[in-house]
Undergrad: 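Structure provided below as C-alpha cells; questions to follow.
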Amino acid sequence: MRFTKVCLALVVVSLSYTIFHTTAVRAVSANVLVVYASENEEIDQYQNLLELQLAHFTRDTTFIASSQLTSTDLSDTTHLVYYGQVAEKIDPSTIELIDDFSGPVLAIGHNVEQLASFSWLDKASSLTSIKNAAIINNRDKSIQDQMISLFPITTNSQSETIVEVTAQQQFPLIIQQDKSMYVATNQLFSPVSNFFADALHDYFAVDHREGTQVILRLEDVNPSLDAATLKEISNYLDAKDIPYVVSVTPVYKNPENEEEIHLSENAKLVAVLQKMQQSGASIILHGYTDQFGHGTTGDGFEFWDKTNNHPVYFPADSYETLKDKEDFTTPEAYQNYMAEREAFEDAYIREHIENGINELVANKLYPVAFEAPHYAMSHNGYNIVSEYFNTYIGQVQLSDQDWRMMTDVPTVSEPDFLNGMTLIPETIRYVRYDRTDSLQDMEALMNEVSVVRDGMISGFYHPFLGVNGLTELVAELESKFGPDIDWFHLGEQNFSVAIDGTTIISREQYQTLIGNEEANRNFLDFTDEWRWQSTLLKAEYYWAVAGLLIISCLLLLAFRRSKRYL
C-alpha cells in the first residue's frame, strides 16, 4: 500500500512538471484549413497573401486545392476558409464536406453560390469595378476615394454587414451570418487588405488592441554616410525619447570607380552607431553591400537578379542565362540543372549574410533582424535567412517568378513561407527626396492602416536627407496619433540571431551585451555562454521525457503489484 502511495505521489509531481512546461512552450491557437481554387491548382501569390493575413492569428494554416479535399483534412480543423480566387465548378464531395463543417467558415470571392451553407446571400456572377468609393466598416472606420472590384450581393435581414462600399449606391463587401463570413471580392490587395485584416478579428472572435503602434526606421545607413548628419538625427530622436530602427549595410561599393568602403574605415560613423545602439536603437542588417553586379550600394538589389528577374543563380559577371525545361532532353536533367543553380543562390546568400553579421559584430554592432534590399528575395532565400534571424522587417515578395509581386500587411504576422520568422511590416513607405508631397501620401496610408485593430504604422527615413525632413515626419505622426504615440520598440521583442549554427543572441542577452562595459568581453565570449545555457534548456526537456517514462514504469509496477494482492 505504501508503495502505491509513493507511486501516486511521484506521478502527481511528474505530471505537474510536464504540464507546466508544456504550457510554457506551446500556446493554443486556431487550426485553419484553406480550401482554394487557383490557376493550375497551384499555390501562388494570392494564397501567400492570404496566409500573410491569417498568420497574424495562427501559425497552423494548411492549404489544399478544392479538388483534393477529403474528410481527413478536416479532422483537426477549427476554422475553414474557402478561397475562390478563380471560378470553378466545385466537386460535389468538397461541397458536402464544407457544408457539413460545424466550425466558422470564411468564403472569399468566386463560387460561393455553390455552397449551401452560403445560401443566405445572392451573389452576382461577375466582378463590378467601383470608382471613387468610400469603404466603411461597422466600427465607423473609413477610407475615401478608392477603386475596388467586387461581386454585388444581396442578403437577408439576419446577416450583418461588416464592411460596406459606398459610391452611387451601397454594396456589402464583407458580411457575416452566424458562423459564416463572406468577402465579396477575390482581390485581397489594398484597399481591401486593411479592412479584411480588421474583419478577421471578428471571424476568429478575438479582439486585439484598438490602438495603432508606430515604428520608425532610419534606412540605408552605409559607410559612405556623413557621421555628423547621423549624429544630429540621433540627438533629435534621443531628445524626443523615440525608439527606432537603424538599417545598416556594412560595405559601400561603387563598381564604376572601384570604390569600396568598409564600416571599420569610417570610425566616426561607427562611434555614432554604437552610441545609438547604446541608447536603445535597434540595428538591423540591410544586406552586405546592398547592390549586385555593377550597381552602386543603395541601388537596392542584392539578393535578386533584377535584370533577368529571377533569383541570383549566376555570378554577377557571368554571361549565362537561365535555361528552360525545353532546353533539356529529360526532366531529370532539368532538375539537376536547377539544383545547381539553387545551390549557387544558397551559397551566395549565406556568404553575404554571414559577412554582413560578422562585419557588424566586428564593430560591436549587433543586428536584431534582417531586411532584404529592395525587399526582393526568393522563398528559398527566406528559408536561408531564417537560419540566422527570427525577425524580418519590411515588405515581402509573394512570388519566385516576379520580384514586383510584393506586398505589405498591416499587422505583425508569422507566415509559413518565412519559415518561422516574425514579419514586422512596413506600411506607410518613406519620405521621398524627389517628391515634395510624399508626406501627404504617407498620411493617406496612415489613415488606411488605422482601420485595423492591431495595425502597425511603419515607415522609414533616409538620414542623408538631414534632420529637417525627419522632424516633419515625426510632427505628422504626433499630429495623427497624439504626443503619446505608442512607439514599437524592436529591441524589446523576442528576437534571436544565430551564426555558425549555434551562436544565438536573445533579447535578454542582447541587452546585457550592449550594456557590458568590459572591453575584453566580446561577442564570441558571450555566445559561448549562450551555448552552455542552451544545453541546460535542452536538458530540461530530456528530463521531461524521462519523467514521462518513469511515470509509465511506476504505473505498470503499481498495477502489477495491486494484482498480486487481489
Side-chain angles (χ1 to χ4, degrees), residues 27-44 46-125 150-163 172-186 188 196-197 199-206 415-416:
V28 175
S29 63
N31 193 344
V32 179
L33 178 66
V34 178
V35 181
Y36 65 89
S38 69
E39 296 289 347
N40 304 319
E41 296 192 340
E42 293 180 356
I43 291 179
D44 55 26
Y46 300 104
Q47 285 74 43
N48 286 332
L49 175 59
L50 174 59
E51 198 213 345
L52 270 176
Q53 298 275 31
L54 297 172
H56 178 61
F57 301 88
T58 178
R59 291 192 64 185
D60 293 320
T61 300
T62 304
F63 284 77
I64 188 166
S66 66
S67 63
Q68 306 297 316
L69 182 66
T70 69
S71 59
T72 304
D73 299 314
L74 290 162
S75 59
D76 296 323
T77 299
T78 62
H79 293 70
L80 179 61
V81 178
Y82 174 81
Y83 183 15
Q85 207 284 317
V86 299
E88 70 165 2
K89 187 177 188 321
I90 308 176
D91 189 277
S93 64
T94 298
I95 291 175
E96 184 177 356
L97 288 171
I98 294 175
D99 287 339
D100 288 345
F101 183 72
S102 60
V105 179
L106 169 65
I108 305 166
H110 290 279
N111 314 318
V112 69
E113 66 277 4
Q114 300 174 47
L115 303 174
S117 51
F118 284 84
S119 59
W120 49 273
L121 62 84
D122 184 14
K123 164 184 160 296
S125 58
L150 54 73
F151 294 104
I153 55 175
T154 55
T155 64
N156 58 35
S157 58
Q158 284 75 48
S159 61
E160 177 190 4
T161 299
I162 306 295
V163 181
L173 177 62
I174 302 177
I175 52 178
Q176 186 171 26
Q177 180 167 311
D178 300 325
K179 293 182 179 180
S180 301
M181 179 179 284
Y182 177 62
V183 181
T185 181
N186 65 341
L188 299 180
F196 179 61
L200 284 175
H201 289 81
D202 298 316
Y203 174 64
F204 285 102
V206 295
D416 271 356

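Computed over heavy atoms, backbone and side chain alike; hydrogens, waters and symmetry mates excluded. The model shown is predicted, which means the values in this text are computed figures rather than measured ones.
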Undergrad: With a 4.5 Å cut-off on side-chain heavy atoms, are V35 and D73 touching?
TA: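 Answer no - side chains too far apart.
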Undergrad: Is there a side-chain contact between M181 and D202 (heavy atoms, below 4.5 Å)?
TA: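 A side-chain contact under 4.5 Å exists here.
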Undergrad: May I ask you to decide if the ring planes of Y36 and F63 are parallel, tilted or perpendicular, using 30° and 60° as cut-offs?
TA: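 Tilted, since the angle between the ring planes falls between 30° and 60°.
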Undergrad: Of the non-hydrogen atoms in S67 and E41, which two are nearest, and what is the gap between them?
TA: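 Answer, listing the atom of S67 first, then E41: OG-OE2, 2.5 Å.
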Undergrad: Any chance you could lay out the side chain to side chain contact (heavy atoms under 4.5 Å, CB included) test for L200 and L106, step after step, and finish with the verdict?
TA: CA-CA 9 Å; L200 284 175; L106 169 65; 3.9 Å; yes
Undergrad: Starting at CG of L54, measure out to CG of D416 and round the result to the nearest 0.5 Å.
TA: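 That separation rounds to 10.5 Å.
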Undergrad: Does some side-chain heavy atom of F196 sit less than 4.5 Å from a side-chain heavy atom of I108?
TA: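 A side-chain contact under 4.5 Å exists here.
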Undergrad: Of the non-hydrogen atoms in N111 and G84, which two are nearest, and what is the gap between them?
TA: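 Looking at all heavy atoms of both residues, the shortest contact is ND2-CA, 4.0 Å.
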Undergrad: Please round to the nearest 0.5 Å and tell me the distance separating atom CD of Q114 and atom OG1 of T94.
TA: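 Output value for this atom pair is 10.5 Å.
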Undergrad: Between P415 and L52, which heavy-atom pair has the shortest distance, and what is it?
TA: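 Heavy atoms only, the tightest pair is CG-CD2, 3.5 Å.
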Undergrad: Set out, in order, the CA-CA distance, both residues' side-chain angles and the distance that settles side chain to side chain contact (heavy atoms under 4.5 Å, CB included) for T58 and N31, then state yes or no.
TA: CA-CA 7 Å; T58 178; N31 193 344; over 6 Å; no
Undergrad: What is the distance from atom CG of L69 to atom CG of D91, rounded to the nearest 0.5 Å?
TA: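 Those atoms lie 9.0 Å apart.
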Undergrad: Compare all side-chain heavy atoms of L33 with those of F101 and state whether any distance is below 4.5 angstrom.
TA: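 No. Closest side-chain heavy atoms not under 4.5 Å.
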Undergrad: Identify, with sequence neighbours excluded, every residue that meets side chain to side chain donor-acceptor pair (under 3.5 Å) alongside S117.
TA: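 Result, side chain to side chain donor-acceptor pair (under 3.5 Å) vs S117: D99.
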Undergrad: Identify, with sequence neighbours excluded, every residue that meets salt bridge (charged side-chain N to carboxylate O under 4.0 Å, His left out) alongside E113.
TA: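 E113: salt bridge (charged side-chain N to carboxylate O under 4.0 Å, His left out) contacts with K123.
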Undergrad: Taking all non-hydrogen atoms of both residues into account, name the closest pair between D60 and A30 and its distance.
TA: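 For D60 versus A30, the nearest heavy atoms are CB-O, 3.5 Å.
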Undergrad: Decide if atom CD of Q158 counts as having more than 12 heavy atoms of other residues, nucleotides or ligands within a radius under 6.0 Å.
TA: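 Atom CD in Q158 is crowded, with more than 12 foreign heavy atoms closer than 6.0 Å.
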Undergrad: Can you tell me if Q47 uses its side chain to pair, donor with acceptor, with the backbone of D44 under 3.5 Å?
TA: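 At least one qualifying donor-acceptor pair exists.
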Undergrad: With side chains defined as the heavy atoms from C-beta onward, is the minimum distance between W120 and S159 less than 4.5 Å?
TA: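 Sidechains of S159 and W120: in contact.
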Undergrad: Which heavy-atom pair separates F57 from A197 by the least distance, and what is that distance?
TA: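 Minimum heavy-atom contact is CZ-O, 4.0 Å.
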Undergrad: About how many Å separate CG of D178 and CD of E160, when rounded to the nearest 0.5 Å?
TA: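 Reported value, rounded in 0.5 Å steps: 11.0 Å.
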Undergrad: Distance check, rounded to the nearest 0.5 Å: Q85 atom CD versus H110 atom NE2?
TA: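 The CD atom of Q85 sits 7.0 Å away from the NE2 atom of H110.
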Undergrad: Please name the pair of heavy atoms, one in F151 and one in S125, separated by the smallest distance, quoted to 0.1 Å.
TA: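 So the minimum-distance heavy-atom pair works out to CE2-O, 3.9 Å.
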Undergrad: Is there a side-chain contact between Y46 and N186 in this structure, where contact means two heavy atoms from C-beta onward sitting under 4.5 Å apart?
TA: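 When only atoms from C-beta onward are counted, N186 and Y46 do not touch, as no gap falls below 4.5 Å.
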Undergrad: Decide yes or no for T77 and T62: does some side-chain heavy atom of the first lie under 4.5 Å from some side-chain heavy atom of the second?
TA: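 Answer no - side chains too far apart.
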Undergrad: Students often mix this up, so state it plainly: with edges at 30° and 60°, are the rings of Y203 and H79 parallel, tilted or perpendicular?
TA: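 Rings of Y203 and H79: perpendicular, as their planes differ by over 60°.
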Undergrad: Taking side chain as C-beta onward, heavy atoms only, is I90 less than 4.5 Å from L115?
TA: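 Yes; the side chains approach each other to less than 4.5 Å.
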Undergrad: To the closest 0.5 Å, what do you measure between NZ (K89) and OG (S66)?
TA: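 Separation between the atoms: 11.5 Å.
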